[in-house]
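All remarks here apply to the structure that follows.
One-based numbering, in listed order, for ligands and for the atoms of each. Any value given below was found using the heavy atoms of this structure, including those in side chains, with hydrogens, waters and symmetry copies removed. What you see is a predicted model; the values in this text were computed from it and never measured. Heads up: numbering here begins at 1 and tracks the sequence.
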Amino acid sequence: MLFKAPRGTADILPDEQAYWRYIEEKAVAVCKLYGYQRMDTPTFEDAGLFARSVGEGTDIVNKEMYVFKDRSDNELALQPEGTASICRAYLEHGMDNLPQPVKLYYFADIFRYERPQAGRYRQHHQFGCEAIGEASPMLDAEVIQMALWFFKSLGLTQFTLQLNSIGCKQCRPDYLLKLAEYYTPLTPSLCEDCRTRIVKNPLRLLDCKKPGCQAAAEEAPRSSDHLCEGCHDHFEALKIYLEALGIVYGVNHRLVRGLDYYTRTVFEFQPLEGGSQSALGGGGRYDDLITELGGKQTPAIGFATGMERIVLNLKNQGIEVPGQVKPAVFMACMGNSAKIEALKTASDLREAGIPVIVAAGDRSLKAQLRQANSLGAIYAVIIGDDEINEGMVTLRNMGTSEQQVVEPEELKTILGAQE
Ligand code: AMP
């Protein structure tokens, strides 16, 4: 029996890597432009961290988290999102003593036991950024602009920005009561999940994807109509800033996102094609999360995007990414002395920064040159008995098949100049 990658996971093969390096490069560039610093956190954390932050009543914690006990009986979880770990680390390392806001970014492997489908995996990869320690809606506008900047720098255009405010702990409880009141008489028409949501997590009633529930959600009370003064002013200011920056958005009253820690601003980038479950990225404010984790009141906002979704959208929109660098030189050799000479010559060339692939094994010269061709090598350096006897090497231009016999020392100059 041959082993296969676990369901919902994917290998990223060499041919795909160019997309990933392209995305990472653009992400790092945008973080530099906006003053974000990289942070890496462990792949697994105390499971309680996610229950406390993402929320006990969420699908992510209840149904999708990979939880396990280690040999010392610690209950751990593979991270189902990136924000909680960053906040845990922010507190653990006393970053609340630094000038605020602290701006951090990460690349993380994310694990959710979901039903796999196109663009939906059980292990996926996120690029995310968090700005911790500032309440101003200016920061919301800047984070949203940064996310847009990132997508545009990749060449992506076919998506919309959706925005909502889900209030705070002052105004949300009343709103949730109104939601529950509205939904209770509709219970028979709701899906099974939504029936429990009325009690456990009424906000999530709004983004259920089942047709019956969607119709009910359309007419449901809107969070933006039930904001307290502070949340209302914050939302209005954010809209003014976005408009001033020329950022086009739509208010989506059903946008709530699947994590409990969000307050006030939530936003999502939706591709024009692909349906509501294929978000390119999203984020929002989480002004109470740091307190929830034991810190002092510290407002914050973040954004995350799925790398697999970006690759999918780059391909769908026909965006070409810079290809992988082809090896400059293929080293072909025949005979035992030639093998030694090939290894030594290759080392000299690499010292000079010239990429080399050395033929291995005992294939014929013809077979070795075929390999050089399929690798896309620009030159082949050929060393056989004649070359060894004369202390020379043969340099073959793989494009034109022209050959010249040169001193090994000359290679660096000739090939270095071609680079
Ligand atoms: P979330 O943490 O749910 O806000 O997700 C942030 C982003 O990660 C989403 O907008 C998607 O781009 C991506 N994403 C979320 N879940 C998955 C998944 N199961 N597979 C692939 N990408 C995902």
Side-chain angles (χ1 to χ4, degrees), residues 5-12 16 19-20 23 27 41 45 49-50 53-55 58-66 77-87 105-130 143-144 146-148 150-151 154 156 158-164 166 201 203-204 207-209 252 255-263 265-286 289 300-317:
R7 188 165 141 76
T9 68
D11 299 310
I12 306 167
E16 290 281 298
Y19 285 99
W20 289 72
I23 298 167
T41 58
E45 297 267 0
L49 172 68
F50 302 113
S53 54
V54 176
T58 58
D59 284 356
I60 292 181
V61 168
N62 272 346
K63 298 186 184 166
E64 297 170 2
M65 202 153 73
Y66 282 85
L78 298 180
Q79 56 186 351
E81 60 99 51
T83 305
S85 310
I86 296 283
C87 291
Y105 76 92
Y106 59 85
F107 293 100
D109 291 14
I110 303 294
F111 303 86
R112 294 179 190 172
Y113 189 79
E114 296 195 87
R115 199 164 58 79
Q117 49 191 290
R120 185 166 296 279
Y121 297 88
R122 290 185 174 167
Q123 177 183 4
H124 72 275
H125 300 78
Q126 288 189 4
F127 155 56
C129 48
E130 315 289 349
V143 167
I144 291 173
M146 177 177 169
L148 269 173
F150 168 61
F151 291 135
L154 289 164
L156 294 173
Q158 309 291 305
F159 62 88
T160 59
L161 164 61
Q162 304 187 359
L163 191 65
N164 197 13
I166 54 168
N201 198 353
L203 215 50
R204 288 312 300 276
D207 74 345
C208 182
K209 306 297 181 286
N252 176 355
L255 179 65
V256 293
R257 307 201 26 85
L259 304 93
D260 277 357
Y261 54 63
Y262 285 115
T263 51
T265 311
V266 288
F267 58 94
E268 215 160 74
F269 298 92
Q270 283 290 350
L272 296 185
E273 283 172 34
S276 55
Q277 294 210 53
S278 58
L280 251 183
R285 250 193 190 279
Y286 48 92
L289 177 52
I301 179 162
F303 156 77
T305 172
M307 309 273 280
E308 286 81 357
R309 297 274 170 90
I310 298 180
V311 173
L312 204 66
N313 280 269
L314 287 171
K315 288 181 180 170
N316 286 348
Q317 292 182 33

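For E114, the side chain to side chain donor-acceptor pair (under 3.5 Å) partners two or more places apart in sequence, or in a different chain, are R120. Remark: F111 engages T43, Y66, L78, D109, Q123 in a side-chain contact (heavy atoms from CB on, under 4.5 Å) (not counting sequence neighbours).
Here the shortest heavy-atom pairing between Q126 and A304 reads OE1-CB, 3.4 Å. Pairing each heavy atom of L161 with each of L148, the nearest pair is CD2-CD1, 4.5 Å.
Of all the atoms in ligand 1, the ones that sit under 4.0 Å from a non-hydrogen atom of A279 are 9 (C), 10 (O), 11 (C), 12 (O). Atoms of ligand 1 lying under 4.0 Å from any heavy atom of R257, numbered from 1 in the order shown and given with element: 1 (P), 4 (O).
For atom 5 (O) of ligand 1, the closest non-hydrogen atom on the protein side is Q126 NE2, 3.4 Å. Protein heavy atom in closest approach to atom 17 (C) of ligand 1: H124 CE1, 3.2 Å. Of all protein heavy atoms, the one lying nearest to atom 19 (N) of ligand 1 is E114 OE2, 2.5 Å.
Only the backbone of L280 comes within 4.0 Å of ligand 1, counting heavy atoms alone; no side-chain atom from C-beta on gets that close. At a heavy-atom cutoff of 4.0 Å, ligand 1 is contacted by no atom of E308, backbone or side chain. Under 4.0 angstrom from ligand 1, there are no non-hydrogen atoms of E268. Residue contacts with ligand 1 for R112 involve side-chain atoms from C-beta outward but no N, CA, C or O (heavy atoms, distance under 4.0 Å).
Going from atom CZ of R122 over to atom CD of E64 covers 10.0 Å, rounded to the nearest 0.5 Å.
Considering backbone and side-chain N/O atoms, Y121 comes within less than 3.5 Å of an N/O atom of ligand 1. Between E81 and ligand 1, no pair of N/O atoms sits closer than 3.5 Å.
No side-chain heavy atom of Q158 sits less than 4.5 Å from a side-chain heavy atom of N313. Contact of the E308 side chain with the H125 side chain is registered, since non-hydrogen atoms from C-beta on lie closer than 4.5 Å.
In this structure, of P80, G119, G306, G281, the residue bringing a heavy atom nearest to atom 21 (C) of ligand 1 is G119.
Annotation: F107, atom CZ; neighbour count of heavy atoms from other residues, nucleotides and ligands within 6.0 Å is above 12.
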